[in-house]
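Down below is the structure, laid out as structure tokens.
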Amino acid sequence: MSTPDSKDAPKILVFSTNAISDPGIDQAGSAHLHYSTAVQVIPLPCSSGVKPSWIVHALERGFDGVFIAACGGDCAYLTDCTSRTSTLVTRAQTMMKEHGISPKRLKMAGLCSVCADNFVVHMNKYQQELKSLEA
């Protein structure tokens with residue numbers, strides 16, 4: 001659901017996992033919890049499948065921040081998903097620095113399938129953090 005300041009809210013691209021975080025994000029919408037319409041979600045099978053170049057591309061093309069809703073220890077595909085996702089975040093932050101983009105424009109957190117409230121809190125807090133980067 002949109003909030004009154006959605007028009008001016010920082011744009012966030014969320015990479016979400018099909019089986020773990022996406023159901024929680026869907027639940028936030030179904031429950032009519034309020035977060036900005038400037039948040040756009042792309043579901044993927046596993047958070048370790050995000051490419052660092054995708055993150056840089058999104059930030060260079062107008063997104064103010066990228067958020068990875070990580071599988072964590074619940075990944076159905078990889079037992080080392082958490083370390084792989086952490087490695088890709090480190091690589092992405094290095095690439096971001098090379099492109100003159102603040103690494104603070106990338107966040108990662110584990111979100112579970114029933115974490116609707118947690119997702120909304122993350123998005124609202126991250127938008128405030130992104131606003132302070134622009135000030």
Side-chain angles (χ1 to χ4, degrees):
M1 297 298 298
S2 69
T3 57
D5 65 336
S6 290
K7 183 175 67 169
D8 300 321
K11 288 176 55 177
I12 299 173
L13 178 62
V14 177
F15 289 107
S16 140
T17 58
N18 294 333
I20 309 298
S21 57
D22 213 38
I25 294 169
D26 287 346
Q27 188 180 52
S30 296
H32 303 287
L33 300 178
H34 296 281
Y35 65 93
S36 173
T37 57
V39 174
Q40 296 180 26
V41 180
I42 296 177
L44 299 170
C46 175
S47 59
S48 70
V50 175
K51 304 294 181 232
S53 61
W54 297 350
I55 295 166
V56 172
H57 181 80
L59 294 167
E60 289 181 332
R61 297 300 185 271
F63 282 94
D64 299 297
V66 173
F67 185 89
I68 299 174
C71 303
D74 295 330
C75 182
Y77 302 102
L78 300 167
T79 56
D80 63 343
C81 176
T82 301
S83 63
R84 286 181 187 223
T85 305
S86 178
T87 298
L88 82 83
V89 166
T90 301
R91 273 186 282 179
Q93 288 175 326
T94 299
M95 288 178 69
M96 290 165 66
K97 288 177 190 175
E98 291 169 357
H99 285 83
I101 302 168
S102 171
K104 292 181 180 181
R105 294 193 177 276
L106 173 60
K107 291 276 185 193
M108 178 182 77
L111 290 175
C112 68
S113 60
V114 294
C115 292
D117 290 325
N118 195 18
F119 172 72
V120 172
V121 167
H122 275 295
M123 291 302 98
N124 292 335
K125 183 178 177 186
Y126 190 29
Q127 283 188 314
Q128 291 306 312
E129 291 173 19
L130 290 169
K131 283 181 184 179
S132 71
L133 287 177
E134 296 169 7

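Bear in mind that the values here come from a model prediction, so they are computed numbers and not experimental data. All heavy atoms count here, side chains included; hydrogens, waters and symmetry mates do not.
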query = How close do Ala69 and Val14 get, heavy atom to heavy atom, and via which atoms?
reply = CB-CG1, 4.4 Å
ask   = Once the angle between the rings of Phe119 and Phe67 is folded into 0 to 90°, is it parallel (under 30°), tilted (30 to 60°) or perpendicular (over 60°)?
value = perpendicular
Path from Met96 to Leu133 over hydrophobic side-chain contacts below 4.5 Å = no
ask   = Are Ile68 and Met95 co-members of a hydrophobic cluster defined by side-chain heavy atoms under 4.5 Å apart?
value = yes
query = Looking at CG of Asp64 and CG of Leu13, how far apart are the two atoms once the value is rounded to the nearest 0.5 Å?
reply = 11.5 Å
query = With side chains defined as the heavy atoms from C-beta onward, is the minimum distance between Leu88 and Ile55 less than 4.5 Å?
reply = yes
inquiry  = Measuring from atom CG of Asn18 to atom CG of Leu44, what distance do you get when rounded to the nearest 0.5 angstrom?
reply    = 7.0 Å
key: Between OG on residue Ser16 and CD on residue Gln40, distance to nearest 0.5 Å   = 13.5 Å
task = For the residue pair Val39 and Gln127, establish whether any side-chain heavy-atom pair is separated by less than 4.5 Å.
result = yes
key: Pair Val56-Glu98, side-chain contact (heavy atoms from CB on, under 4.5 Å): steps then yes or no   = CA-CA 10 Å; Val56 172; Glu98 291 169 357; over 6 Å; no
key: Atom of Ala9, atom of Ala38 and distance for their closest heavy-atom approach   = O-CB, 3.8 Å
inquiry  = Check for me, please, whether Leu106 and Met123 land in the same ILVMFWY cluster - side-chain distances under 4.5 Å, paths through other members count.
reply    = no
note = For Pro45 and Thr17 the tightest heavy-atom approach is O-CB, 4.1 Å
query = Between atom CG of Leu59 and atom OG of Ser102, what is the distance when rounded to the nearest 0.5 Å?
reply = 9.5 Å
ask   = Would a 4.5 Å heavy-atom cut-off, applied to side chains only, mark Val50 and Val89 as touching?
value = no
query = At what distance, to the nearest 0.5 angstrom, does CZ of Arg105 lie from CD of Gln93?
reply = 13.0 Å
Tyr126 to Lys107 - nearest heavy-atom pair and separation = CE1-CG, 3.2 Å
message = Could you measure the distance from the NZ atom of Lys11 to the CG atom of Leu130? Nearest 0.5 Å is fine.
response = 12.5 Å
task = Consider only side-chain heavy atoms of I, L, V, M, F, W and Y, link residues closer than 4.5 Å, and tell whether Phe63 and Val41 are in one cluster.
result = no
query = Do the side chains of Ile42 and Met108 join up, straight or via other hydrophobic residues, at under 4.5 Å, putting them in one cluster?
reply = yes
